[in-house]
Amino acid sequence: MTRKSEETAAGNMSEKIVLIDGHSILNRAFYGIPDLTNGEGLHTNAVYGFLNIMFKILDEEKAQYLAVAFDLKAPTFRHKMFEAYKGTRKPMPEELHQQVPVMKEMLTAMKVPLLMKEGYEADDLLGTVAKRAEAEGLDVSIVSGDRDLLQLATDKTKIRIPKTKRTGTEIEDYNAVEVKEKYLVTPKEFIDVKALMGDASDNIPGIPGVGEKTATKIIAEYGSIENAYGHLEEIKPNKARESLREHYDMAQLSKTLAAIDTDSPVEFSLEEARLGDLYTEEAFELCKRLEFKNLLARFNCDGPKNSVSGHFKKITDTAAADEIFESALNADILGFQLLIWQKQIQGLAVCYGEEDIYYLPVQGAMTAEYLTGRLEQAAGSAKMSGTINLKEELSFIRIPDRKRVVDEAIAAYLINPLKDTYTYDDLAKEYLQMIVPSRMELLAKGGYDPEREETAACAGYMAYVAFACAIPVQDRLKELDMFKLFTDIEMPLVYTLYDMEKAGIMVNAEELKAYGDKLTGRIGELEESIWAQAGEKFNINSPKQLGVILFEKLKLPGGKKTKSGFSTAADVLDKLADEYPIVSLILEYRQLTKLKSTYADGLAVYITENGRIHSSFNQTITATGRISSTEPNLQNIPVRMELGREIRKVFIPSPGFIFVDADYSQIELRVLAHISGDKTLIDAYRQAQDIHRITASQVFHIPFDEVTPLQRRNAKAVNFGIVYGISSFGLSQDLSITKKEAAEYINKYFETYPRIKQFLDETVENAKKEGYVTTLFGRRRPVPELSSSNFMQRSFGERVAMNAPIQGTAADIIKIAMIRVNERMKNEGLLSRLILQVHDELLVEAAAEEAEHVKEILREEMQGAADLAVRLEIDMHTGANWYEAK
DNA sequence: TAGGTCACG
DNA sequence: ACGTACGTGACCTAG
């Protein structure tokens, strides 16, 4: 909508100008809003926050004029006056610095004048323009996060200080009266207060021994530094008196530095600042590029008419549908999307040209069977088809020629695995530079309703995006050298994961129930004992309440750790468990309630009528290329503790089948040996099966047979640490040793395996240069944290850069194995099925008579999945349940 | 909805 | 000096 500058109804009401302190508000926004980046990796949170604050103010002010002031780099008149007045300010973080030109570009696009003048600070420009505007009879609002601006407050000039709170942005307003109320001095006197007390961040020296309180008291009484000096002998705290006597010159200099120059020679014409339509084409484009979706709503409807929606057509009779499918058969590119709602096909969306976009709801003669039948034909005949979330659609269609169909969500995931969604609107934004309404926005209320216009629009966008993105995503994959990874691993894996989900795993519901009941009894006992020892009833599951009981009431040692109070995490409690019986009880309680709620009760609700659990295996979640499992997560079923491990007994094969479970032995360390090419480690793997022991032997220079259990344990921890992106602190925590000792271990380790150190260093260095790391199979992980100015973030980036190629390569390898194992069992006519993957482990439900055959397949395909410098060893077990097969 | 905790590799 | 091991998902509490 065009925002007209509204003429005020009453003639005696004055016009208003809003003046914004650019850097100050940008700063506020930067620190107040979590980091955001757009698809190009540009940080955008400060610009976004600035615009939100600006719009909020404009919405409530109804002003007629607007301008934004920025500092320039050049030295100001203050530098000339006072040498120390120079760049001791904190440097701006790079993430914020990047955003300054973007902010200026945005304001320019909105035709908002920028006030900048070499040799003057934004404060001076704001003060000058405010004074001039006031002289012309305008009301003035100055928006800044900086309290120094309070000296500009008058009856007509209001200083507005936004505060970002949890509940949103709140703004504190100060006219002259409010300044006096809050600070006990007038705005003009505020300068003198600041001059006396000084301001380190602004390089105002002030005078020694005078802080805010004394300064305020003196100025409140005498009105100015000069007048106070005139009454020097009356001044109260002796220290302040003598300081003022001695440093009067400094005080006066401070005052000049602190005073905003309201007569700076800034070129400013009120007419240029008149608020016109902020919502220009240029601003729209920039908002789009920055991905400010919420702000786009402020622009005229959904922006420049996107011609796409003009070509959406809803088809309701089979005659018309037949024609469409005929054309689709010959399409170069077919975009399709099955519309699935509550596990039922509600319709189909297809697109095979810029103007051929169709929504075909299931209705009458146009049955689900008709639609899927015709779609299968089309997908088998069109040169290529694109869709989003193919695995979900496979429940309803068979793909005749897998090579012709691509899942664009998976392509987009490979291109950038750090996003959390790959919906059609994400893809449109990323690959078509198009902002389209999301499914959530369109179908928010009411869900799927074939009659609604929004449903048809959603279908249209889905089909169009699937069509239009097919080429761009594949081109991008080729540019990034991931096309082979896509076609040879990720796309085939879609079908493998679908098969696994469909197969599911059988669960003995009665036994699961019994397991839960057993826990309940013990939980009750523990609860009573804990309450008895605490002397009161409380919710043991509440870390907050528990913290208070343990560390305040019972006064156990172990101070604060978390933001919201005491840490009661297991590693903290472990240290107290020996000495305080209540702590052991709590630890046991925690363990048992976890088993009960997450596993016993948690799993039970997922058992379907066929007695099986069908988890979802997600292919576009992790940053490293692993798959994830949800609803329920079957990749974190207990195994480390015996009691928890028991739960695996409820996972059983169908009658006549057994489980065959195979897991890679130290796959990540083997991957590291390979990609680093470290001779010593490779040889170690060639000669011994106990790698941690041989590591200890090599690192500590002791004969293999004399390695103590402790030495082996330490070596094992270092091996793990290396894979995680080692740090002496992390290792010291893990082994409960000092940082120094940990650092020594690491040094020795690197001396023993120099190529590993070289590899890790080079990987980090290269990641800093390129912005990403890759696996052996070309999978990328961007590491934006490496360019952060924040030490902690950057260190995190370094560890990620070291870990991702290792974890990711292992993920690639097991994916290859899964595809081949699954295919072989199907092609060789077996009844056995792959049913689970747990990162380095595959679980097969094998027909009893096929067990040996299955073992052979698992061994061949898992070991043969990659040809590394070291052998890929596996451990394999069979059993009548998952407990036994492990 | 976020934070704390804990299950897995 | 900063304050951590890497990658996940589910449940619970509390605002």
Side-chain angles (χ1 to χ4, degrees), chain A residues 34 166-167 417 538-547 561-573 586-587 589-603 605-606 615-618 621-641 643-645 647-648 663-668 672 717-735 739 742 746 773 781 783 785 788-808 810-811 814 836-841 886:
Chain A
R166 255 179 282 162
T167 47
F538 67 101
N539 188 341
I540 308 165
N541 279 321
S542 163
K544 195 177 163 185
Q545 294 182 35
L546 180 61
K561 235 179 103 183
T562 66
K563 289 171 195 170
S564 49
F566 302 101
S567 169
T568 65
D571 60 332
V572 176
L573 298 190
I586 289 163
L587 285 167
Y589 175 88
R590 281 249 178 95
Q591 200 192 349
L592 267 52
T593 52
K594 175 84 174 184
L595 293 172
K596 176 89 166 94
S597 65
T598 304
Y599 301 103
D601 299 348
L603 289 174
V605 305
Y606 290 102
S615 172
S616 294
F617 293 103
N618 314 298
I621 301 290
T622 70
T624 53
R626 280 187 173 181
I627 59 173
S628 88
S629 157
T630 51
E631 294 184 308
N633 181 356
L634 293 182
Q635 291 180 323
N636 72 345
I637 302 303
V639 69
R640 295 173 188 166
M641 306 287 281
L643 179 63
R645 192 174 190 144
I647 205 166
R648 292 181 172 232
D663 69 290
Y664 282 113
S665 156
Q666 300 126 15
I667 186 169
E668 294 187 344
L672 176 61
V718 181
N719 277 333
F720 267 96
I722 293 289
V723 168
Y724 291 156
I726 193 101
S727 78
S728 53
F729 183 90
L731 184 64
S732 71
Q733 288 293 299
D734 190 50
L735 287 178
K739 232 172 95 172
I746 294 168
V773 291
R781 165 158 186 184
V783 195
E785 296 87 353
S788 170
S789 56
N790 178 302
F791 172 85
M792 208 174 50
Q793 290 236 331
R794 207 169 49 249
S795 306
F796 173 71
E798 289 167 1
R799 294 194 295 271
V800 159
M802 294 187 255
N803 169 264
I806 304 171
Q807 189 182 122
I814 197 163
L836 285 183
Q837 185 254 42
V838 193
H839 310 308
D840 65 353
E841 168 190 2
K886 235 343 222 162

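Heavy atoms only: backbone and side chains are in, while hydrogens, waters and symmetry mates are out. None of these values were measured; they are calculated from a predicted model. Naming: A, B, ... by sequence-line order, numbering from 1 per chain.
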How about A:Ile637 and A:Leu603: do any of their side-chain heavy atoms sit closer than 4.5 Å?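 The answer is yes, as the side chains (C-beta and beyond) meet within the 4.5 Å cut-off.
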Find the distance [X]:[atom1] to [N]:[atom2] and express it as a whole number of Å.
{"X": "A:Leu595", "N": "B:dA7", "atom1": "CG", "atom2": "P", "value": "7 Å"}
{"X": "A:Leu603", "N": "C:dC11", "atom1": "CG", "atom2": "P", "value": "9 Å"}
{"X": "A:Leu587", "N": "B:dA7", "atom1": "CG", "atom2": "C1'", "value": "15 Å"}
{"X": "A:Gln591", "N": "B:dT5", "atom1": "CD", "atom2": "C1'", "value": "13 Å"}
{"X": "A:Met641", "N": "B:dG9", "atom1": "CE", "atom2": "C1'", "value": "17 Å"}
{"X": "A:Leu592", "N": "B:dT5", "atom1": "CG", "atom2": "P", "value": "19 Å"}
{"X": "A:Gln837", "N": "B:dG9", "atom1": "CD", "atom2": "C1'", "value": "10 Å"}
{"X": "A:Tyr599", "N": "C:dA10", "atom1": "OH", "atom2": "C1'", "value": "8 Å"}

When only distance counts, do a donor and an acceptor, one from the side chain of A:Arg626 and one from the base of C:dT8, lie under 3.5 Å apart? no
Would you please confirm or rule out a distance under 4.0 Å between OP1 or OP2 of [N] and any side-chain N or O of [X]?
{"X": "A:Ser727", "N": "C:dT4", "result": "no"}
{"X": "A:Thr624", "N": "C:dT8", "result": "no"}
{"X": "A:Thr568", "N": "B:dT5", "result": "yes"}
{"X": "A:Arg640", "N": "B:dG9", "result": "yes"}
{"X": "A:Ser629", "N": "B:dG9", "result": "no"}
{"X": "A:Gln545", "N": "C:dA14", "result": "yes"}
{"X": "A:Arg781", "N": "C:dG7", "result": "yes"}

Check whether the aromatic ring of A:Phe729 stacks on the base of C:dT4, taking stacking as ring centres less than 5.5 Å apart and planes within 30° of each other. yes
Please determine, for the side chain of [X], which listed nucleotide ([options]) has the closest atom?
{"X": "A:Glu631", "options": "C:dT13, C:dA10, B:dC8", "value": "C:dA10"}
{"X": "A:Asn618", "options": "B:dG9, C:dC11, C:dG9", "value": "C:dG9"}
{"X": "A:Ser567", "options": "B:dG9, C:dG3, B:dT5", "value": "B:dT5"}
{"X": "A:Asn633", "options": "C:dC6, B:dG4, C:dA10", "value": "C:dA10"}
{"X": "A:Thr562", "options": "C:dC6, C:dT8, B:dT5", "value": "B:dT5"}
{"X": "A:Thr598", "options": "B:dG9, B:dT5, C:dA10", "value": "C:dA10"}
{"X": "A:Asn541", "options": "C:dC6, C:dC12, B:dG4", "value": "C:dC12"}
{"X": "A:Lys594", "options": "C:dA10, C:dC12, C:dC6", "value": "C:dA10"}
{"X": "A:Phe791", "options": "C:dA10, C:dC2, C:dT13", "value": "C:dC2"}

[atom1] spacing across the pair [N] / [M], given as an integer number of angstrom:
{"N": "C:dT4", "M": "B:dG3", "atom1": "P", "result": "14 Å"}
{"N": "B:dG4", "M": "C:dG3", "atom1": "P", "result": "15 Å"}
{"N": "C:dC2", "M": "B:dA7", "atom1": "C1'", "result": "31 Å"}

Donor-acceptor pair, [X] side chain versus [Y] backbone, under 3.5 Å?
{"X": "A:Ser615", "Y": "A:Pro632", "result": "yes"}
{"X": "A:Gln545", "Y": "A:Ile540", "result": "no"}
{"X": "A:Arg781", "Y": "A:Ala801", "result": "no"}
{"X": "A:Thr598", "Y": "A:Leu595", "result": "no"}
{"X": "A:Thr622", "Y": "A:Gly625", "result": "yes"}
{"X": "A:Ser629", "Y": "A:Leu634", "result": "yes"}
{"X": "A:Ser616", "Y": "A:Asn618", "result": "no"}

With sugar-phosphate meaning primed atoms plus P, OP1 and OP2, does [X] contact a base, only sugar-phosphate, or nothing at under 4.0 Å between heavy atoms?
{"X": "A:Val723", "result": "nothing"}
{"X": "A:Asn539", "result": "sugar-phosphate"}
{"X": "A:Ala570", "result": "sugar-phosphate"}
{"X": "A:Asn636", "result": "base"}
{"X": "A:Gly721", "result": "base"}
{"X": "A:Ala623", "result": "sugar-phosphate"}
{"X": "A:Leu731", "result": "base"}
{"X": "A:Ala742", "result": "nothing"}
{"X": "A:Thr593", "result": "nothing"}
{"X": "A:Phe796", "result": "sugar-phosphate"}

Give none if C:dC2 has no partner; otherwise give the nucleotide forming a Watson-Crick or G-U wobble pair with it, both distances under 3.5 Å. none
Considering every strand shown, what is the Watson-Crick or G-U wobble mate of C:dA10 when both distances are under 3.5 Å?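 Its partner is B:dT5 (Watson-Crick or G-U wobble, both distances under 3.5 Å).
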Pick from A:Ile806, A:Leu731, A:Leu672, A:Asn803: which one makes a side chain to side chain contact (heavy atoms under 4.5 Å, CB included) with A:Ile722?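 It is A:Leu672, the one option of A:Ile806, A:Leu731, A:Leu672, A:Asn803 that forms the side chain to side chain contact (heavy atoms under 4.5 Å, CB included) with A:Ile722.
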Of A:His839 and A:Lys739, the one whose closest DNA chain C nucleotide lies more 5':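 Residue closer to the 5' terminus by nearest nucleotide: A:Lys739.
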